[in-house]
Structures are given as structure tokens and as C-alpha cells.
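To start, the structure itself, in C-alpha cells.
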Amino acid sequence: MKVKKNIHIFAHVFIVTQAIIIMLCLNFFLSEQYTSVWGKYPNSSQSVMIYLKDVNQSKQMEAQQCLLQAANEQHLLIVRKDIQLDNKGYSQGYNVGIAGNPDSKDASLSFLGEDILTTENISKLLNSKSPNSTLGVDTGSINSIGTIPQFNNNHIVVEKMPKLISKSTTVNGTYSILGFKDDTQTSKFLGELSQVSGVAKAELTTQKSGAYSDDSSRRNILLLFLAANVFLNIILFLVIVVKRLPEEGTLLLLGWSRTSFALKVFGQFLITSIIGAPVFIGIGWLLSGWNKFSPMLLSYYFLAVVINLVFVGIEAILASIVIMVTKSLDAIRRRFSTKPLYILGILAYLLVSAGLVASGCYLDGPMQLISQNTQTLKNWSKVSDYQVLRNLSVGHDSVSANGQSNQLSQDLYHWYQSIANERGVFLVHTQYYKQSVLDIWKSKSVYKSVPEKPFWYFTMSPNYLDTIDIHVSAEKLKETKDGKRLYLLPSTLSQAERKKMMGWIRESDSFITNDFENKFTQHPDFIFVDYTPKNNLFTWSADSNNATMTTSPVIYVCTPENMNFSEEDSLKATGLENGCIKFSSNKIMKQYMSDKRLSQFHLADNHLTFTSVQKYVDGIQKELWLSIKMYGVLFVFLFVIAIGLLITLATIYRIANQEKINVKKFLGFSFWQLYKVPACVLLGAVIIEIIVTLVLRSKLGTLVMTVSALLQLLIFVTYMTHNEFKRILIAFKGGS
């Protein structure tokens, strides 16, 4: 009785869980729809898309004035949407800037049958005296003059265009413009904007880049949990039916119909789905975060409740097949068709086994990385105290992360420029170009000149070169600070190799952008000097396939004055290999990382985090061990489900064959003779699992699956032999 009660409680819990998962799936779907509606705003075939990118800083104000003046004088509606990012770089909504004339039906926006943006509230915003007025809440509610509902924490703020441009610090962005009367007016506007912005007219209407956010993994996880929940419900319902078969037989003999008995068994679960509907709807609405009453949203949640009820009904109907096909006397004696149950149970077991194999094999990756990191730390022992950039938050630089602006890179550049010549402050980056890369350059004609042999390319500041006993003359150093790019070429290169190397360097390092200006970009010039390799140089490579030391790299002597856009943009890179800015010790790092200094360069909100090489590798190790623990927990969870399914299958087999088992056991049959069929199925399954891990060459997977197989066999034998003689005595006495 206690076991039956526990199974019923579990079934009720899984029904509630199923309803909540369906609500979460609905919220996710509606959230995607809401984001899509804002992403397409203004949704009009008449809108003209303008793409402003790489506008020179000196022309930003003119471009802004051109946009705003055209909006006012030509009665246009101009809309720009900037994606909001959290500190980890994930999308969390839009900042929408609006200017001009909203007297157009295309300026409105609705969702779930409710008006979100209207001509009235846009006009109220644009006519507001305060330049900081918003629809929705930005940094504080004091400037909000209207609400914008949120869905699943999608944060939407609508504000005046000048405020958006000022806050983002750039006029770069994608603009949707409504109100052009004809192509002539459009062409004239594009010509004026091209002239003041310095962006070619053809490029203004050509999209060359964009931002994309994909949350499909979250959706897939929810659907996976829903599928697992449905499957487990079916299994639980089948176990409940099997346990209550004798009761069915008795009631059928008393005149009950099979349908009536099925309703008696599963009616309580349908009632749970119906009674819990208001709670489920309330949970769904609460999780959505939607703060505006919407009959349509309410109808969606009602539909979700109906879907849950339908799922429960389908699960009950599938389990009721056993009730419908079992005769009353067979039910009393627990004789029923076992094939459908076996097929369903074995299918579930195989699916869980596949999950076990996948999670077991996955553990190989983190374990190998742990081993590699241990070797990395050993190789990097000489620089274990060096501080490298570990993390960099987005802060208020969402437009930089979206690629609309280079402001964050420029802030980092100016900060580094202020400390570049200080003792213990280095810029170091290395790259190894393999033969396969060189072959691609040749076959694809990426460069006119391509080096013949694989080589190391070092980017290093002069003060770091001093620490590795490579010294640059004062004369050459002065030239680097005048903006000339200095390259040290190993004397081991032949004349032909040297010529090709110089050609490749000139091609690859001459990329200029309007977003970044220094002495080199204003007057590009190159200097090449030979040096004689004599020392083994540390490559700063964490790749176990690359050499730790080399003697003859190509060295670019990097100063703030001779950087190009690529090096400036790389200053925000993080990690052992990718990170460029390095400090020789924690003490020196703290000296140049004070809040006061970072605030001077607008970096206080970016939370730059430097850590020692030692701690960085240790941190990676901890993250890998955490990953192993998480997948270990998943493995244990799947293992428990597998054991549950195994016991369910064993129970079905034992109930269906109890009389035969009792007689054979009484006559002295061995365990193998009694349970040969289920034992063979189990042995076959676990052997296949181990073979798969061997084929995949997963050492850890093979180990854990072998242990899993032994435990499953042990549990199976223990369960099947538990209370064997007690069951025989009960059967011979006429019990059930």
C-alpha cells in the first residue's frame, strides 16, 4: 500500500512539473515573438534602412545633425535600435531612439492585442521638455513618462534620438526611416548624409554586419525536459496499472466496465490538471514578467493548461491500453500482454543508456584539458606571476560589443598608452602560422606575398623585449614612437624568404579604419631590421601542439604610436594566449588599476579583472572540475532513472511470469534458468554501451560505463532474488 501511495504521489508531482515546463515553453515562445516584433519595428515595407558604420569621430556631430534636421524639416520618422547587453554579453532587450514625425500608422507597435507604441505616446515623448524622457524605465523611473511592458526580462527603453546617440557615444548604427515621398527625395537625403559622414552613398544602404542572438539551446533544453517528463509519466502510469490489475479483474467481475476502471485509476490525475489550472496560469504569468493585463495572454495560458490536460489524457490512454486488452480473470492472476510494455520500457532504457554513454564520454574532454593545463602551468612556470586579463564586462559599452562603435577599444588604448612606458607593463602576443594556413593564403590568393615556411610572429613592447635580452637601439625606438612599425627579422631567413616576409607584413598590417587614428594610421611606414637569434624565447602558447620555446620568430616591436586597428581592437582580448596587456607582478598591476585611473578612461564600469598565470590556470582547472561534477551529477541522475526503468522491466517480467518462476524455483532451477531472457537483454545492453565507449576511444567513458554495468547487474540480481522463497510460499498459500 505504501509503495502504491508513493507512486501516486510521484505521478501527481510529475503532472505539476509537466504543466510548469509547458508554461515555461510558452513564455519562451512569446518572448521570442516579442523580441522579434521589436526587432522588426517599424514594420513597414516603405521604410528605408540606413547603415552608418566607421564614421570618423570628427564627422559624427555633422552626421547626427543631418539626420535630425532631415527628420524635422522633411517630416520623417527615424528609428534606431541598439541591442542591450548584460555584462556577460547576452542580449537583454533594446534601446530604441526616435526622432521626427510619428503621424503614421506604421509608427505604432502592438503585441498580444495590446498597443505598446502609439502616435500619442511617441508624440508625448518627442514633445517632452526633458531631453532625458523615456518610455519604459532606463536607469531610473524619474525620467519615465510612459510604460513599456517587459516579457521574460526583455528590457525595452524608448528615448529621444539625441539621447540615444549621446549615451552610446556614437552615431554609428542602423536607422529605419519612414516618410520619404519618392525615390528622388530618398536619393537626395542619402547624398547629403554621405557627404557629411564620409560614408559612400552605396554603402549607406548596404548591410555589412549585424548582431544576432540565439537562445535555441534554452528552448531545446526545455523541450528535452518536457519530452523526458512525458515519457516518465507514461512509465509511472503503466506501473500504476500493473500494480492495480488484480483490482481491475475483481471490479470487472462485479460489473464495472474497463472505461470506468480506467477513469477510477486516472481520474484523480486529470482532476489535478484541472484544479491546478489557476495556479499554473498564475505561475506562468508571474514568470513572464508581463505587467499589463492582456486577455490574449490569458487565453494563451489557458491553452497551455489545455495542452497539459491533453498530455495527461494521452499518457493515461496509452497506459490504459493494458486495461482494455486484459481479461478479468487474467487481470486477477496478473496475466497481461507484456510485449507493448517491454517495447516501451526497453526503448526508454536505451534512450537513457545513450544519455549515460554521452555524458560518460563527455567527461574525457575536461579530464584531458586538466592534464594539458597541468603541463601548461609547468611550461609557464617562469611567468607564473605575470598578470593577464581574465575578464572584461560590457558595462555601458553595449554598442562597442555590437560592433557599432570602437569606443571600448579606444578607451583601453588610451589607458594602455598612459602606462605603456612604465616598468613592468608589457604588451605581448604571439601567433604561430602553420603550413596549412600558408597554403590557404596561397590557394585563395589572400595575399600577394606569402611566406614560404611556417613561422612564429611575436608582437611585443620594447620594455618586454629588454627582459628577454633583445634590445632595440634608441634611434630605432624613437622611430617606433614616431609611428613607424619596426620588425625584427631573423638573419636565418634567405633573401627570397625575407622579401616575401616583408611583402606579407606590409599587406597584412596596413589595415586602416576611420575609428582609430594615431601616428602610424596617419602616415603608414615600415622599418625592417635583421637580428641574430641566440636565445630560446618563450612562445606564450597554451596549445600543447605548439612549441614552448623558439629561437627565430618574426618580432613586431609594438608601441601605442605604431599600432594599427587590429592591435588596438585586440587590447580587450582575454586569456592566456589572446590577452595582450600583461603586468610583471600583482603589485605593479594594482598600481595602474586604481578606480581613479580607470575612471579617467571611462573603464570603471568594465570591471577589468587581471589575475596571475598561476591563478588563471588554477581557475580553469576549477571550472573544468565543476564541469566534471555537473556532468557527474547528470550521469548519476540518468543512472538512477536507468535503474528505475530496469526495476520496472524486471517487475513486469516477474509479475507476468510469477507462476512459472515459482514452480521452477520450487523444482530447483538456477537463477540463470529462471531469468535468462531479461538477463541476456541487460547483458546485451551494457556490452553495447561499453563497446560504443571503446569505439569512441573514451577512457573515462569506458571506465564509468563498466562500473555502471556491474552495478546494474548487481542490482538486477539482488532485486530478482529478494524474498524469492517468501513469494513462493505466498503463491502456494493462494495469496497475490
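Count residues from 1 along the sequence.
The CG atom of N27 lies 13.5 Å from the OH atom of Y34; values are rounded to the nearest 0.5 Å. The NE2 atom of H12 sits 9.0 Å away from atom CD1 of I271, with the distance rounded to the nearest 0.5 Å. Note: S612 OG to F583 CZ = 13.5 Å, rounded to the nearest 0.5 Å. The OG1 atom of T611 sits 7.5 Å away from atom CE of M589, with the distance rounded to the nearest 0.5 Å. Rounded to the nearest 0.5 Å, atoms CZ (F28) and CG (L223) are 9.0 Å apart. The line from CG of N391 to OG1 of T574 is 7.0 Å long, rounded to the nearest 0.5 Å.
One side chain, S708 or Q712, offers a donor N or O that lies under 3.5 Å from an acceptor on the other.
A heavy-atom distance below 4.5 Å is found between the side chains of L270 and L309. Annotation: side chain of L683 is in contact with side chain of L713 (closest heavy-atom distance under 4.5 Å). When side chains are defined from C-beta on, I20 counts as touching V16, because their heavy atoms get closer than 4.5 Å. Taking the side chain as every heavy atom from C-beta outward, L608 and L389 approach each other to under 4.5 Å. Contact of the C25 side chain with the L222 side chain is registered, since non-hydrogen atoms from C-beta on lie closer than 4.5 Å. Counting heavy atoms from C-beta outward, M23 and V305 have side chains that approach closer than 4.5 Å.
In this structure Y457 satisfies the side chain to side chain donor-acceptor pair (under 3.5 Å) test together with D509, sequence neighbours excluded.
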Verdict with supporting geometry, R390 and F610, side chain to side chain contact (heavy atoms under 4.5 Å, CB included): CA-CA 5 Å; R390 180 181 180 86; F610 281 82; over 6 Å; no
Side chain to side chain contact (heavy atoms under 4.5 Å, CB included) evaluation trace for S288 with Y301: CA-CA 11 Å; S288 75; Y301 286 131; 3.2 Å; yes
Evaluation steps, side chain to side chain contact (heavy atoms under 4.5 Å, CB included), between L24 and L287: CA-CA 8 Å; L24 289 172; L287 293 174; 3.5 Å; yes
From CA spacing to verdict: side chain to side chain contact (heavy atoms under 4.5 Å, CB included), W456, S541: CA-CA 11 Å; W456 279 99; S541 175; 3.7 Å; yes
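The two atoms that bring A262 and S320 nearest to each other are CB-OG, 3.8 Å, heavy atoms only. When all heavy atoms are compared, the tightest approach of K582 to V428 is NZ-O, 2.9 Å. The shortest non-hydrogen separation linking I240 to A11 is CD1-CB, 4.2 Å. In this structure, S273 and N308 approach most closely via the heavy-atom pair OG-ND2, 3.8 Å. Between Q268 and V265, the shortest heavy-atom distance links the atoms NE2-O, 3.2 Å. Shown here for V312 and F237, the closest heavy-atom pair between the two residues is O-CE1, 4.0 Å.
Side chain of T430 to backbone of T539: a donor-acceptor contact under 3.5 angstrom is found. No donor-acceptor distance shorter than 3.5 angstrom exists from the side chain of Q431 to the backbone of H429, with no hydrogens or angles considered.
Sorted by first then second residue, the side-chain hydrogen bond (donor to acceptor under 3.5 Å, both in side chains) pairs that include residues 232-242, not counting sequence neighbours, are Q18-N233, N233-E315.
For F29 and Y300, the ring centers are positioned 6.0 Å apart or more. Remark: aromatic rings of Y432 and W540 are distant, center separation not under 6.0 Å.
Among L226, N229, L303, V306, the single residue meeting the side-chain contact (heavy atoms from CB on, under 4.5 Å) criterion with I22 is L226. Put simply, the residue from I688, T702, T706, L703 that forms a side-chain contact (heavy atoms from CB on, under 4.5 Å) with T693 is T702.
In the displayed structure, F266 atom CZ is contacted under 6.0 Å by more than 12 heavy atoms of other residues, nucleotides or ligands.
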